[in-house]
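A short worksheet on the structure shown next.
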Amino acid sequence: MPMLDKPRKLDHSEGMAPRKKPATKTRVVSRLKRSSSRQKVMKPSSCATLQPVHAGWISPHLLLLQLPTPLITPVGIPGVLCSLDVPKTSGVWFAAEVGGMALGLVVFKDGVEEDDLPVYTLYIECSEPLTLVVPSYRQNTQDMTFLFRLQKGLGVRQQLQIGKWLGRVLLDARTDHCDKSRIIAFFEQFQLFSLVEPHALQDPQQPFAMVVAQAHVVDNRWLFIAGWMRDPLGQFVSAEAVTLPGLRFALKDGFFRFPCPEKERENFANAAITAPEGVEGFVVVAPIPEEAENRLNNKALLRLCRVKVMLKGGVSLLLTAKETVPDIYRLRSMILESVPARWLKGPLMQKAMMPLLCHLQQHIARRPKVKDIHVFGVQNPAPEISVIVPLYHNYDFIQLQSVLFASDPVFKSQAELIYVLDAPEDVENVQTQLDAYEKLYGLPSKLVMMKENSGYATACNTGAKYARAEALVFLNSDCYPVAAGWLETLYRMHHARKNTGVTGVKLLFEDDTIQHAGIYFARNEEKQILGAHCYEGLPADHPPACESREILAVTGACFMISRTMFREVGGFSTEYIIGDFEDIDLCLKAQHHGGSNWYAAEVTMRHFQRQSMPHHGRYGGAAWRYNVALHMRRWGAFLQTQLQEKDAHGKASVTAKSPARRKKRVTQAA
């Protein structure tokens with residue numbers, strides 16, 4: 001039955017039923033009595049009593065009712081609810097029919113006390129009074145059983161209609177004394193079950209087609225929409241977001257289109273492109289206006305978002321996406337996958353994707369981090385060096401590291417070993433290994449277990465918080481020394497000069513060729529200034545690689561930094577996504593804080609590069625392009641100055657390619 005959009009004015013005279021209407025209303029009475037003939041006709045002297053399951057409190061000011069429709073047919077009739085126990089009277093409007101039951105909402109301007117157990121008489125036009133035994137507010141405050149039971153009988157359109165109606169009633173009826181927190185809680189519970197019916201325009205015979213593949217509200221501040229469209233006649237004019245209950249805001253500034261050839265259709269999940277010719281992808285990234293954010297301040301209202309598209313000639317379309325509630329990491333992946341990596345550049349990256357992803361990364365960084373800490377063996381009471389090793393799904397080298405560390409007298413006497421497990425699902429496996437290695441080799445260690453996979457930067461920052469020494473060494477789990485004494489040498493070289501920032505080491509591939517001897521910077525084919533490893537692929541004894549020197553940056557596979565400097569620069573940046581840039585970013589921050597970074601040629605490690613990266617299944621070109629854009633925004637101007645100074649000395653720059661496409665090659669550092 002269609003729903004009336006707006007409640008009518010009600011007569012609030014206590015104990016008095018509204019006057020009956022002539023003619024047509026009389027026929028309603030007879031139909032009502034006939035429809036309820038199987039039940040007993042109710043009289044004021046013997047009112048029917050409804051069980052408490054048909055009523056539930058939303059807040060002290062709001063009562064939700066659900067009654068059999070034969071008792072109040074037709075739906076849409078207003079009524080008056082009077083309390084027999086306490087002097088409270090209010091209007092009620094039954095606005096929807098669901099599975100033979102009518103849904104009504106009662107709004108009390110004066111709230112119900114927690115200790116009240118009112119029994120109400122419901123007077124409805126053209127019917128006899130009904131007695132309702134309503135559960136007390138105290139008993140029902142935290143009980144959503146009534147709401148869950150209600151949801152089972154709702155269809156998609158009915159849920160949408162009821163949600164829209166309730167939103168309008170609540171917004172119109174709330175007063176300064178209303179319990180807004182309870183109203184918000186109710187909406188969040190209600191609309192988690194209220195699905196918006198997906199709608200798209202995909203007819204290949206029509207001159208315009210459009211699909212909203214996904215729509216998300218990020219941290220109640222950003223709206224993200226992605227999909228595809230076909231508009232060969234240029235009919236598209238503008239778009240706006242429509243959220244419950246009737247909030248609208250334009251999407252003009254954040255609407256970006258990009259080419260979408262057929263071979264890239266897989267980037268749009270669940271978007272069945274029936275006519276790929278002329279198809280363009282689009283994304284919308286828009287900050288949610290303060291009005292929409294503060295109106296009930298309820299993200300559940302914003303999450304049910306539709307897109308209203310305006311076309312030339314005054315035609316409008318209302319499109320919706322299939323509702324999904326992904327976890328925050330899946331949401332990040334879905335956003336990254338929404339645009340092919342080759343088009344993630346220019347205004348689309350700078351004005352849309354980067355602000356959104358930076359905000360999302362900061363939101364991830366604010367989540368609780370540490371779940372538990374496990375200690376194996378007797379810890380060094382006063383370590384001079386803290387060695388921090390982040391772990392993520394690759395544990396093949398833990399035993400090798402343990403053997404080498406245990407056989408190094410300086411390591412055992414002066415260092416503490418801290419593992420940070422960034423994959424909590426593997427805790428039993430890692431605990432078993434560390435416990436066994438402590439017993440076998442006498443190597444104490446500490447395991448910091450993260451609550452969830454938070455990324456390299458967060459894991460390292462967390463390990464530093466639990467470190468006790470002033471000197472911090474960050475070491476990859478797939479990196480190990482080629483000889484004993486490496487830690488003592490690294491410590492000595494780091495403290496040989498004042499104001500040292502970061503000190504890195506020489507890294508070798510498994511075939512004993514050079515992987516890293518410091519990092520230099522050069523422009524790539526897209527004019528971006530990126531870092532690359534000096535002397536990569538040359539023999540380990542290549543003379544220039546055997547000389548220690550001051551340098552702008554070193555790799556994060558193994559380096560030392562003081563706790564003081566680490567704190568001053570704010571640790572590793574958490575805004576990069578599983579990236580290759582956290583280490584370079586840290587080095588450049590240390591240099592800007594007055595520290596000098598050094599490459600220590602005397603310390604040699606072997607590094608099996610990117611052993612854990614394959615376990616990050618969704619890391620790819622889109623994440624890398626975002627990291628590059630963020631890196632350039634932060635350090636592009638500074639690195640440009642460095643290249644100009646280098647060119648002034650007559651040295652040529654060397655092209656650095658994307659890590660995703662870079663092949664093993666022999667290069668000479670500029």
Side-chain angles (χ1 to χ4, degrees), residues 341-342 344-346 349-350 354 501-509 513-540 542-557 559 573 576-577 579-592 595-601 607 609-610 613 621-670:
R342 60 185 295 191
L344 276 175
K345 55 186 177 180
M349 173 62 79
Q350 298 295 331
M354 184 179 294
V502 178
T503 302
V505 304
K506 180 191 291 186
L507 297 178
L508 302 180
F509 288 112
T513 57
I514 295 174
Q515 178 189 120
H516 167 270
I519 289 177
Y520 69 95
F521 294 88
R523 294 189 181 276
N524 66 359
E525 51 272 17
E526 295 183 14
K527 307 302 182 182
Q528 297 159 327
I529 305 175
L530 305 179
H533 293 173
C534 296
Y535 313 117
E536 183 179 352
L538 294 178
H542 182 62
C546 296
E547 297 178 3
S548 299
R549 65 190 185 281
E550 186 176 356
I551 198 165
L552 276 180
V554 295
T555 185
F559 70 82
S573 172
Y576 294 97
I577 301 177
D580 304 291
F581 294 86
E582 296 97 333
D583 47 4
I584 293 177
D585 185 270
L586 181 69
C587 291
L588 296 179
K589 287 193 295 185
Q591 207 237 15
H592 269 250
S596 57
N597 303 322
W598 286 83
Y599 160 67
H607 182 213
Q609 193 176 25
R610 295 176 177 271
M613 192 62 74
W624 186 82
R625 282 192 171 272
Y626 160 77
N627 289 335
V628 170
L630 180 59
H631 166 75
M632 287 297 296
R633 173 183 287 185
R634 288 184 171 180
W635 303 110
F638 168 73
L639 293 175
Q640 170 67 23
T641 302
Q642 297 296 312
L643 288 184
Q644 289 175 350
E645 291 177 355
K646 183 171 63 175
D647 291 341
H649 288 82
K651 297 182 179 180
S653 60
V654 181
T655 300
K657 294 185 178 179
S658 157
R661 301 194 304 269
R662 185 176 63 215
K663 297 181 180 180
K664 187 176 177 182
R665 65 193 186 282
V666 177
T667 59
Q668 289 286 346

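Just so it is clear, the structure is predicted and the values come from calculations on it, not from any experiment. We use all heavy atoms of the structure for the numbers below, so side chains are in, but hydrogens, waters and symmetry mates are not.
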* Rounded to the nearest 0.5 Å, how far apart are CZ of F638 and CD of Q591? -> 4.0 Å
* Asked: Between P539 and I514, which heavy-atom pair has the shortest distance, and what is it?
  -> O-CD1, 3.1 Å
* Quick one: does R633's side chain have a donor or acceptor within less than 3.5 Å of a partner on Q350's backbone? -> yes
* Structure fact -> All heavy atoms of G501 vs all of A590, minimum pair found to be CA-CB, 4.2 Å
* To do: Report yes if the distance between the aromatic ring centroids of W624 and H631 is under 6.0 Å, otherwise no.
  => no
* L507 side, atom CG; F559 side, atom CZ - distance, nearest 0.5 Å -> 12.0 Å
* If you round to the nearest 0.5 Å, how far is NZ of K589 from CD1 of I584? -> 13.0 Å
* Asked: Could you state the interatomic distance from CH2 (W635) to CG (L588), rounded to the nearest 0.5 Å?
  -> 5.0 Å
* Heavy-atom pair of closest approach, residues R549 and W598 -> C-CE3, 3.2 Å
* Answer yes or no: is there a donor N or O on one side and an acceptor on the other, between the side chain of N524 and the main chain of L530, under 3.5 Å? => no
* To do: Going by the salt bridge (Lys or Arg N to Asp or Glu O under 4.0 Å) test, name the single residue among R342, R625, K345 that passes it with E526.
  => R625
* For D583, what residues pass the side chain to side chain contact (heavy atoms under 4.5 Å, CB included) criterion, not counting sequence neighbours? -> T555
* To do: Sequence neighbours left out, what passes side chain to side chain contact (heavy atoms under 4.5 Å, CB included) with R634? Give chain and number order.
  => S573, E575, Y576, D585, L630
* To do: Starting at CG of L586, measure out to CZ of F581 and round the result to the nearest 0.5 Å.
  => 15.0 Å
* Structure fact -> What one should report as the nearest heavy-atom pair of A517 and A545 is CB-CB, 4.1 Å
* Asked: Does some side-chain heavy atom of Y599 sit less than 4.5 Å from a side-chain heavy atom of K506?
  -> yes
* T513 and L508, any side-chain heavy atoms less than 4.5 Å apart -> no
* **Which atom of I519 lies closest to which atom of G531, heavy atoms considered** => CG2-CA, 3.8 Å
* Using atom types as modelled and distance alone, determine if a side-chain donor or acceptor of N597 lies under 3.5 Å from a backbone N or O of C587. => yes
* Asked: Can you list the residues that meet the side chain to side chain contact (heavy atoms under 4.5 Å, CB included) rule with M632, with sequence neighbours excluded?
  -> Q528, I529, V628
* **Beyond-backbone contact of H516 with E536, side-chain heavy atoms, under 4.5 angstrom** => no
* If you measure from CD on Q515 to CZ on F509, what distance do you get to the nearest 0.5 Å? -> 4.5 Å
